Amino acid sequence: MTLITLDTPSAKPLLDWYDRHHRDLPWRISPGMAARGVKPDPYHVWLSEVMLQQTTVQAVKPYFEKFLQRWPEVTDLAAAETEAVMAAWAGLGYYARARNLKKCAEAVATEHGGVFPDTEEGLRSLPGIGDYTAAAVAAIAFDRQAAVMDGNVERVISRLYAITTPLPAAKPLMKEKVALLTPAARPGDFAQAMMDLGATICTPKRPACSLCPFRGSCEALKLSDPELFPVKAAKKEKPVRYGAAFIAVTGDGEILLRRRAESGLLGGMTEVPTTAWTARIDGETSAAAAPFEAAWQSAGTVIHVFTHFELRLSIWRAAIAAKIGADGWWEPVTNLEAQALPTVMKKAIAAAIPLAFKTSKG
DNA sequence: CAATCGTGGCG
DNA sequence: TCGCCAAGATT
């Protein structure tokens, strides 16, 4: 029987791989430039990292460009209207990020003289910056030897060491492994290399192990099937909730909108009037629950899947002769693009007014 | 610790 | 078609 020995994992092969195969991304300084001492703007790094939380690179790109163009410096963002930031963030999801983004920019502007803290600890104390983002900004923007662990790194590490403990219980162990592997030189490139590797080679399904710089040191590859890692705790079922949404349009082409509560689901975002979203179909999901009496007509059902439940929203539409006193405000349909409307609300409006948006999905 | 919190793309 | 999941943070 042949014994296949495993190399001890080290940063060097990964960094060499990164020099050849790194992705070019709008918020990134190429490794070549970085080698000449060019550092990425901490504001750019922070903005991209917050946007990238649980969000794909592809989805982030246009938002990143839009934000930088509109608010070139962190002090510009700090001085912006929160409503404008929410509207610019609309569609990207996890809206607490946008509220915290604004708070963080304000804290940097007022408490740190417009300059980001350059340590993991200092960054970690800011709104919306958790363990991952603090380490990522510290390593990438400030060359700190911080252990960066995101979903990509968890996958790479779990395979490299064939960790059978399920997530999230295995995180502390994984963090130890990452810390031991993180080099004093080029810690930012190392972190980005781990994430690029996870995104392009060490993928969740059908990883390209033959191209991996760790192929000689991966325990999962040697012992079993890398695709079996990371082991994850079983997830719960997704319940269904029901509700109704009401699209009232005046003869002048204005629609009734209102603001959601600051906290909770879609916090601080704009919506059309809706009922509560409940577990069962009842009177609250019919036209009887409308914000005011009108000739409400059914406009079908919108199904929207959130992280932890599926929403089935009955859509009702009414033509209103004159503006009716109600909570909220009347907004020209031609100005809906500028509103802080989350995707589910755009879907609801598009169901009632097909031409409301240039691009309607659903 | 477990639950909450969006959306879109992809196998 | 549908489950998975993506550079997580907060409570």
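Worth saying up front: this structure is predicted, and the values here are computed from it rather than measured.
Within the structure, every side-chain polar atom (N or O) of A:Tyr94 is placed at least 4.0 Å from both OP1 and OP2 of C:dA6. For C:dT10, neither phosphate oxygen OP1 nor OP2 lies less than 4.0 angstrom from any side-chain nitrogen or oxygen of A:Arg97. A sub-4.0 Å separation between OP1 or OP2 of B:dT7 and a side-chain N or O of A:His304 is present. Look at A:His308 and you'll find a side-chain N or O under 4.0 angstrom from OP1 or OP2 of B:dC5. In this model, the phosphate group of C:dC4 is not approached by any side-chain N or O of A:Lys205 to a distance below 4.0 Å at OP1 or OP2. Contact annotation: A:Thr343 side-chain N/O to B:dG6 OP1/OP2 distance is not under 4.0 Å.
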*Please step through side chain to side chain contact (heavy atoms under 4.5 Å, CB included) for the pair A:Val272 and A:Phe246, ending with a clear verdict.*
CA-CA 6 Å; A:Val272 294; A:Phe246 301 93; over 6 Å; no

*Quick one: do A:Phe306 and A:His304 satisfy ring pair (Phe, Tyr, Trp, His ring centres under 6.0 Å)? Show the steps, please.*
CA-CA 6 Å; A:Phe306 291 98; A:His304 188 79; 4.8 Å; yes

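In this structure, the CZ atom of A:Arg155 is 10 Å from the P atom of C:dG8, given to the nearest Å. A:Glu237 has its CD atom 14 Å from the P atom of B:dA3, to the nearest Å. Atom P of nucleotide C:dA9 and atom NZ of A:Lys103 are separated by 16 Å, given to the nearest angstrom. If you take OH of A:Tyr132 and P of C:dA6, they are 13 Å apart, rounded to a whole angstrom. Straight-line distance from the CG atom of A:Leu167 to the P atom of C:dC4: 15 Å, rounded to whole Å. Separating the CZ atom of A:Phe309 from the P atom of B:dC5 is a distance of 7 Å, rounded to the nearest angstrom. For A:Lys238 and B:dG6, the NZ to P distance is 13 Å, given to the nearest whole Å. Rounded to whole angstrom, the span from the CE atom of A:Met345 across to the P atom of B:dG6 amounts to 11 Å.
Annotation: of the two residues near DNA chain C, A:Arg28 and A:Arg124, the 5′-most nearest-nucleotide partner is A:Arg28. The residue among A:Ile129 and A:Leu25 whose nearest nucleotide of DNA chain C lies closer to the 5′ end is A:Leu25.
Here A:Leu92 lies in heavy-atom contact (under 4.0 Å) with a base. A:Gly264 comes within 4.0 angstrom of the backbone, heavy atoms only, and of no base. Within 4.0 Å (heavy atoms only), A:Gly267 reaches no atom of the nucleic acid at all. Counting any heavy atom pair closer than 4.0 Å across all strands shown, A:Trp27 reaches a base atom. Residue contacts for A:Val148: at a heavy-atom cut-off of 4.0 Å it reaches no nucleic acid atom on any strand shown. Using a 4.0 Å heavy-atom distance criterion, A:Pro168 is classed as making no nucleic acid contact.
Checked against B:dT4, B:dC5, B:dT7, the side chain of A:Leu265 finds its nearest nucleotide in B:dC5. Of the candidate nucleotides C:dG8, C:dA6, B:dG6, B:dG6 has the atom lying nearest to any side-chain atom of A:Phe306. Closest approach to the A:Thr133 side chain among C:dA9, B:dG6, C:dG3 is made by C:dA9 (side chain taken as heavy atoms from C-beta onward).
A:Arg258 and A:Thr270 form no side-chain donor-acceptor contact under 3.5 Å, judged by distance and modelled atom types alone. For the residue pair A:Tyr132 / A:Glu49, a side-chain donor-acceptor distance below 3.5 Å is found, with atom types taken as modelled.
Here A:Arg144 does not pair with A:Glu120 in a salt bridge; the nearest charged N to carboxylate O distance is not below 4.0 Å. Salt bridge A:Lys238/A:Glu310: absent, no basic N to carboxylate O contact under 4.0 Å. Between A:Glu262 and A:Arg99 there is no salt bridge, since no side-chain nitrogen of the basic residue lies less than 4.0 Å from a carboxylate oxygen of the acidic one.
In this model, a side-chain donor or acceptor of A:Arg23 finds a partner on the base of C:dA7 within 3.5 Å.
Between C:dA6 and B:dC5, the distance separating the two C1' atoms is 14 Å to the nearest Å. If you take atom P in C:dA7 and the same atom in B:dA3, they sit 24 Å apart, rounded to whole Å. Taking the P atom of each, B:dC1 and C:dA9 are spaced 16 Å apart, rounded to whole Å.
For DNA chain B, the residues of residues 42-60 of chain A within the heavy-atom distance limit of 4.0 Å (strictly under) are A:Gln54, A:Thr55, sorted by number.
Under the ring pair (Phe, Tyr, Trp, His ring centres under 6.0 Å) criterion, the residue pairs touching residues 50-87 of chain A are A:Trp27-A:Phe64, A:Phe67-A:Trp71, A:Phe67-A:Trp89, with sequence neighbours excluded.
Under a 4.5 Å side-chain heavy-atom cut-off, the cluster of Ile, Leu, Val, Met, Phe, Trp and Tyr residues that includes A:Leu221 has no other member.
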